[in-house]
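Here the structure is a predicted model, which is why all the values come from computation and not from measurement. First the proteins, then the strands, lettered A, B, ... as listed; each starts at 1.
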Amino acid sequence: MHKQEIMPKAYEPTAVEDKWYQTWVDRGYFHGNQNSEKQPYSIVIPPPNITGILTMGHVLNNTLQDILIRWRRMQGYEACWFPGTDHAGIATESRVEKHLRETEQVGREELGREEFIRRVHEWREQYGGTIIRQLRRIGSACDWERTRFTMDEGLSNAVRKVFVDLYHKGYIYRGQRMINWCPAARTALSDEEVVYREIDGKFYHYKYPLSDGSGSLVIATTRPETMLGDTAVAVHPDDERYRHMVGKTVDLPLTDRKIPIIADVHADPEKGTGCVKITPAHDPNDFEVGQRHNLELIDIMNPDASLNAKAGREFAGLDRVAAREKVVEKLEELGLIVKIEKIKHAVGFSERGNVPIETMVSSQWFCNMKELAKPAIEAVRNSSVKFYPDRWAKTYFYWMENIQDWCISRQIWWGHRIPAWYNDITGEVYVGIAEPNSPGPWRRDEDVLDTWFSSWLWPFSVMGWPEQTPEFKYFYPTSDLVTGPDIIFFWVARMIMAGCEFTGEIPFRNVYFTSIIRDEQGRKLSKSLGNSPDPIDVIDTYGADALRFSIIYIAPVGMDIRYSNDKCELGRNFANKLWNACRYRKLQGGVSEGFRDLAGIDIARLTSDEKWIISWINEAIVMTNSALEEFRFHYAVHEIYELVWSNFCDWFLEASKVRMRQGGEAKVQALLVIDFVLFKILRLLHPFMPFVTEELAHVMGFLGEDQSIMNESYPKPIKDIAIPSIMEIEPDLLDQVEAKFQLVRAGRALKANYNIPDNKKVYFYIKAVNADMATFFNNENESLRVLLNASEVTISLDDFDVSTMGVAPSQIANAGTIYLPLRGLVDLKEERRKLNRQKKELLGWIKGSQAKLNNEKFLSKAPQDVINAAREHLRELQHRFARTEESLTMLNSADDSN
RNA sequence: GGGCGGUUAGCUCAGUUGGCUAGAGCACUUGGUUUACACCCAAGGUGUCGGGGGUUCAAGUCCCUCACUGCCCACCA
C-alpha cells in the first residue's frame, strides 16, 4: 500500500489475509531451521484425519498453537510447527467405501485389497488435503515443507520397527481373548473406541425348565438372543434359594442342549432373580466364569452381528435385533416369559460405526502396556511433562495405573499392515521389518494396525525417527502440545509412553488441553444436529483475525466454550478499532523517527499522559508475556483488549487531540509517542491477530516492504531495555493522571444528569483538593477542556462562589469537586436530595471503615499495607463527606437568598 | 458406583497465594453526524457471588455439607 493513500474507514480482511499468507509462505518465514544457533521451540500438530474438514474445534486448537509459535519466534526462538495428517483407518475406509458405492456401485470386496487401497490413495489425493488448505485460512504458521502423513514411507518404517521391537521384547503378542467387535466396520476395537450410552431397553425375565422336571429357574437378561450360546446358569454359592439345584441341569429352551447349574460368585443374589445365564462367548464376565468352570464357548455370531448356524437353523442369518424378537416370541409361545420390564442401561457403542458393539472371543494382536506405562507415569508425576490445567493429570494417572492390554489389530485394509508372516506348514511365525527371506510358503497377516499405533509415534516419526536426523536432534523433544482432553488416552498418554520407550525422552514438556466447543445451548457441535458452523464462512464474514480473537476472548479457562457466530463481532470490532486508531494517526502525517525506542527523546519532557500510557503498555507487556507462559491465552487477550480500547483509544488518543491542535514540537513529540506505543501494540497483538497487525505495521510505515512483523521482536518490559521504568520514577504523576480522568468522568456525568446534549460546550468550575492538584489541573487545562467538551474550565483552590455564579450541581472526585454552573436551571430540591443521599451513603461507609480500624484484632493481625490502605480509604471518604456537606451548605445559602 | 468440573448482572463469562465499594462483553435506556472509528463516543440500571454451616480481624476466594447441572471412567445380567 502506498503511503499517500487514505486508509479505508473500515478494515477489510479478505484481501489482506490472502496477500500476507502468501507472502509469508513464499518467503519461507514458517520454516524452522534445524541448524540454527537459537534455542529450539517446536510443536507437532495433532494430525487431523484426512477425511476431516475444518471445525470450530480445529480453529481453537490451531489458533492456540499458532499463537505459541508466533510468540516464541518473536521472542527469539527457532520455532517450528510440524504439520501433517492422519490416515484414520476405520474412518477413511468407511468413508471411501461409501464414496465408491455411491459413485461406482462397488464395494471393497469386489475390488480386492490391492485395488481398494489404490482407490483410497486416489481419494486421498483428491479430498485428503482439504483440512490442510483450510488451516491456512486461519493463518497457521506451519512449516509446510515438513508436512507428513502417517502412512508416508518414513513413518511406516517407524511403525514397523516399533512393532518388531515390542514383539521381541514380549510386549506384543497374539492371543485369543475377549474383544470389542464393531459389526459395522467388522473389526476388533480397543476399549477406548467403545463409548457407553444410556439407552432404553427391556429387561426380560423368563424360565429355564429343570431337566429333571422338578421345576424351573427364572433368569433375567437384556439380551435374550444370546441364550442360544448359553452353556450354564449360575447362582451364588451362598444363595439358599438355589443351593439345592447346583449340579443339576436345565433344558435350554429353543435348543436341544442341557446346560449345568453352577455356583459362582459372579451371580449376585440381589440382582434380577439371582440366577444369571452364562454366555462365555459373548460376555466378558461370562467368559471368565466359563474359564473358571471349564465351560464350552459357543460363538453364535457372524462378523456383522447376525446369528450363525450354531444359533440353530431357525435363527441363523437373522440380525441380532430380529433374533431377539424371534427368541422372545418363541419363548412366549412356550409360556416361559415371566415378565418384561422397561429399563435404562448403558450399552457400548462403536465410536466410529455408531452401532452397539459386540463383545466376543477372537484371535487378535495385543500390546501389554504395563511396563510402558511406568516411566510415563513417572514423567508426569515428576513434572517432566506438565499438564495445563493440571487436574487432567489425575485422569491420566487413573487410566495409566489401571492400564489394560491394547488390542492393536484391525480387520480392515487401510492402514499399516501387520509385519507378521505365518508358515502354514511349519507353523512358524515370523515378525520382522521386511518379509522373511527363509524359504516359505509365507502368508502375511491380513490385519492392519490400529490408527493410533502410528499416531503415538508422531512427535518423533515426523522428524524422521528412527533415523537420527538433524531435525530430530535439534527439535526433539518438542516443547508444547495443544490438544483436546477427549484424546488424552487415545493419544497423549500413548505418546508419552512411546517417547519414553523408543527415544528415551519425553515427547513434549507441556500439554495444554483446550476447551470443548459447544453451541449456545451447550450442546456438542455435530453434523447431525446441524449446529456446527463452518469456520470458512465465518472467516469470509468476519475475518480470520476476528474469529481467532473472539474464540479466545470467550474461551473460559479449562471449561466448555459456548460459541455462536455473532460472538465474532467482538473480534471484528476490535480489529476495526485498531485499524481506526492507526487511521487517526496516519491522518496526522508520516511515521516518526525513533518510533522503535523513543530514541532522541528527553524522558523528562514526556507529558503526564505520555508517561501514563507508557506505563500502561509496560503493564500489558508484562501481563501478556506471563499469561502466555502459563497458557492463559484468554487472560492475555483481555489484557490487550483493555489496553487498546480503553487506555489507548478512549483516553490517550482522545487527549492527544489537544497536542495535534497545538502543532509544532508538541505535535511532533505526541506523534512519536503514539508511534512508539502503536508499534508495541501491533507486535504484542501479532500472535493473536496476525493479519491485521502485519498490514498495519506496513501501512503505518513501521516496516519496509521486505520486512515482516513476524520477524520483529516481541515486546519486553520497558524497564529491561533503554527506557527506565516511569512508574518507579513518578508514581504520583500516574495517580494524578488517573485523578484527571476520574474528574472528567464526573464532569461528563454532571452533563448527562442535567440532560445537556453531549455536543453542547459548557463551563466547568473545579475546586482542587490541594495545591499540587491545582497546579497539575492547570497544566492540564486544555486536556480537561477537550475531554469534557467544555467551553472553559476554571481551576481553583477557592470555594465555588454561589453569589456570583449561582447554584451549581457538583460531583466529587478524589482530586477535587467539579461544578457545573447552570444559572438558574438547577432543581434545588433534587440536588439537595442527591447530596443528602450521598451523605448518608458516605456516612455508612465511614462507619464501617472506622469500625474496622478500631478493631484491635484487625490492627494486630492484618498486614501493614492492608491497614495503610484502609486508613487512606477512610481519609478519602472523610474528604468526600466534608465536600458533600460543603455543597449542601452552598445549596442552603442559595435557598436562603431565594 | 467412582472421579473431575460448573453454579457470580437478563445472557455469556472474568475474578491466580483470602484484603479498598465484586468486574467485562452482549443486550437494554438516554444523549451525541466533537475533522480515527455508528464495527463509534458519552452517561446509566441491575447482583441474597446456588442453599446451609464453619475457619478468620477479613470469605466470591479456604474447609464441611446439601442441591442442581455437565463430562469422564466402571462388567452389572
### Message
Less than 4.5 Å apart, side chain to side chain, heavy atoms only: is that true for A:R391 and A:F513?
### Response
no

### Message
Nearest to the side chain of A:A10, heavy atoms from C-beta on, is which of B:G3, B:C39, B:C75?
### Response
B:C39

### Query
Are any side-chain N or O atoms of A:T231 and backbone N or O atoms of A:L295, one a donor and one an acceptor, separated by less than 3.5 Å?
no

### Stepwise ring pair (Phe, Tyr, Trp, His ring centres under 6.0 Å) check, A:H879 with A:F881
CA-CA 5 Å; A:H879 275 298; A:F881 185 77; over 10 Å; no

### Task
For B:C63 versus B:G19, give the span between their P atoms, rounded off to a whole number of Å.
15 Å

### Query
Could you state the CZ-P distance from A:F549 to B:C39, rounded to the nearest angstrom?
19 Å

### Query
Contact class for A:C649 (heavy atom, under 4.0 Å): base, sugar-phosphate, or nothing?
base

### Message
Using atom P in both nucleotides, what's the gap between B:U8 and B:C49 to the nearest angstrom?
### Response
11 Å

### Query
Counting only side-chain N and O atoms of A:K9, is one of them less than 4.0 Å from OP1 or OP2 of B:C37?
yes

### Task
Quote, to the nearest angstrom, the C1' distance that separates B:G6 from B:U46.
24 Å

### Message
Taking only the P atom of each, what is the distance from B:C75 to B:G23 in whole angstrom?
### Response
50 Å

## Note on the structure
Taken in chain and number order and not counting sequence neighbours, the residues that satisfy salt bridge (charged side-chain N to carboxylate O under 4.0 Å, His left out) with A:K342 are none

### Query
Rounding to a whole Å, what distance do you find between A:I487:CD1 and B:C71:C1'?
16 Å

### Check: A:R585 side chain, A:G590 main-chain N or O, donor-acceptor pair, under 3.5 Å
yes

### Message
Tell me whether A:R572 forms a cation-pi arrangement with A:Y542, defined as NZ or CZ under 6.0 Å from the six-membered ring centre and within 45 degrees of its axis.
### Response
no

### Task
Taking only the side-chain nitrogens and oxygens of A:K277, find out if one of them lies under 4.0 Å from OP1 or OP2 of B:A77.
no

### Query
How would you label the contact of A:H345 with the nucleic acid (heavy atoms, under 4.0 Å): base, sugar-phosphate, or nothing?
sugar-phosphate

### Task
Report yes or no: is there a donor-acceptor pair, N or O only, under 3.5 Å between the side chain of A:K577 and the base of B:C37?
yes

### Query
Taking the same atom, P, in B:U17 and in B:A74, what whole-Å distance lies between them?
36 Å

Enumerate the protein-to-nucleotides 6-12 of chain B contacts in which both atoms are nitrogen or oxygen and the separation is below 3.5 Å.
unit_1	atom_1	unit_2	atom_2	d
B:U12	O2'	A:K567	NZ	3.3

### Message
Do A:V361 and A:R177 have side chains that approach each other closer than 4.5 Å (heavy atoms only, starting at C-beta)?
### Response
no

### Query
Quick one: A:I488 CD1 to B:G5 P, roughly how many Å, whole number?
13 Å

### Query
For RNA chain B, which residues in residues 217-234 of chain A have a heavy atom at a distance below 4.0 Å?
A:A220, A:T221

### Message
Check whether A:N789 reaches the backbone of A:D758 with its side chain - one donor and one acceptor, N or O, closer than 3.5 Å.
### Response
yes

### Summary
For A:R324, the salt bridge (charged side-chain N to carboxylate O under 4.0 Å, His left out) test, sequence neighbours excluded, returns A:E225

### Message
Output the rounded distance in Å from CZ (A:R583) to C1' (B:U35).
### Response
10 Å

### Message
Just to be sure I understand the geometry, which residues of residues 849-858 of chain A put a non-hydrogen atom under 4.0 Å away from RNA chain B?
### Response
A:N855, A:K857, A:F858

### Query
What interatomic distance, in whole Å, is found between C1' of B:A77 and the corresponding atom of B:U61?
47 Å

### Message
Short of 4.0 Å, heavy atom to strand atom, which residues of residues 859-872 of chain A count as contacting RNA chain B?
### Response
A:K861, A:A862, A:P863, A:V866

### Message
Has A:D239 got a side-chain atom pairing as donor or acceptor with A:V235's backbone, closer than 3.5 angstrom?
### Response
no

### Task
Please figure out whether A:C275 or A:A749 has its closest RNA chain B nucleotide nearer the 5' end.
A:A749

### Task
Could you tell me whether the side chain of A:H638 and the main chain of A:Y553 form a donor-acceptor pair under 3.5 Å?
yes

### Message
Please report the distance, rounded to the nearest Å, between CE in A:M660 and C1' in B:U34.
### Response
16 Å

### Query
When the P atoms of B:A58 and B:U21 are considered, how many whole Å apart are they?
15 Å

### Query
On the ring face of A:Y584, is A:K657 found with NZ or CZ under 6.0 Å from the centre and within 45° of the axis?
yes

### Results of salt bridge (charged side-chain N to carboxylate O under 4.0 Å, His left out) for A:D230 - residues two or more places apart only
A:K277

### Query
Which whole number of Å gives the distance between the C1' atom of B:G47 and that of B:G60?
12 Å

### Message
What's A:R748 touching, base or sugar-phosphate or nothing? Going by heavy atoms closer than 4.0 Å.
### Response
sugar-phosphate

### Query
Is there side-chain contact between A:E192 and A:W491, with heavy atoms separated by less than 4.5 Å?
no

### Query
If only atom types and distance count, is the side chain of A:K577 paired as donor or acceptor with the main-chain N or O of A:V644 below 3.5 Å?
no

### Query
RNA chain B: stems of at least 3 consecutive Watson-Crick or G-U pairs, cut-off 3.5 Å?
B:1-7 with B:67-73, B:10-13 with B:23-26, B:28-32 with B:40-44, B:50-54 with B:62-66

### Message
Suppose we screen for ring pair (Phe, Tyr, Trp, His ring centres under 6.0 Å). Which residues come up paired with A:Y388, at least two apart in sequence or across chains?
### Response
A:F631

#### Entry: Base-contact (B) and sugar-phosphate-only (S) positions in nucleotides 25-32 of chain B, heavy-atom cut-off under 4.0 Å, - elsewhere
S-----BS

### Query
Under a 4.0 Å N-O cut-off, is there an ion pair linking A:E738 with A:K740?
no

### Message
Once you apply a heavy-atom cut-off of 4.0 Å, does A:D268 come out as touching a base, just sugar-phosphate, or nothing?
### Response
base

### Query
With sequence neighbours excluded, what pairs up with A:E872 under the salt bridge (charged side-chain N to carboxylate O under 4.0 Å, His left out) test?
A:R875

### Task
Drop me the distance from A:D545's CG to A:Y11's OH, to the nearest 0.5 angstrom.
5.0 Å

### Query
How many Å lie between CH2 on A:W399 and P on B:A74, as a whole number?
10 Å

### Query
Quick one: on RNA chain B, does A:Q588 or A:E876 contact a more 5' nucleotide (nearest heavy atom)?
A:E876

### Query
Quick one: are A:V347 and A:I357 in side-chain contact, heavy atoms under 4.5 Å?
no

### Task
Using atom CG of A:N180 as one end and atom P of B:C73 as the other, report the distance to the nearest whole Å.
13 Å

### Query
Does the B:A36 base have a donor-acceptor partner in the side chain of A:E654 within less than 3.5 Å?
yes

### Task
Please list, chain by chain and in numerical order, all residues satisfying side chain to side chain donor-acceptor pair (under 3.5 Å) with A:N565, sequence neighbours excluded.
A:Y563

### Task
Let me know the distance between NE2 of A:H638 and P of B:G15, rounded to the nearest Å.
9 Å

### Task
Look at A:K386 together with A:E630 and state whether they make a salt bridge at an N to O cut-off of under 4.0 Å.
no

### Task
Name the nucleic acid region contacted by A:A575, choosing base, sugar-phosphate or nothing; use a 4.0 angstrom heavy-atom cut-off, strictly under.
nothing

### Query
Looking at the side chain of A:Y196, which of B:U34, B:A43, B:A74 is the nearest nucleotide?
B:A74

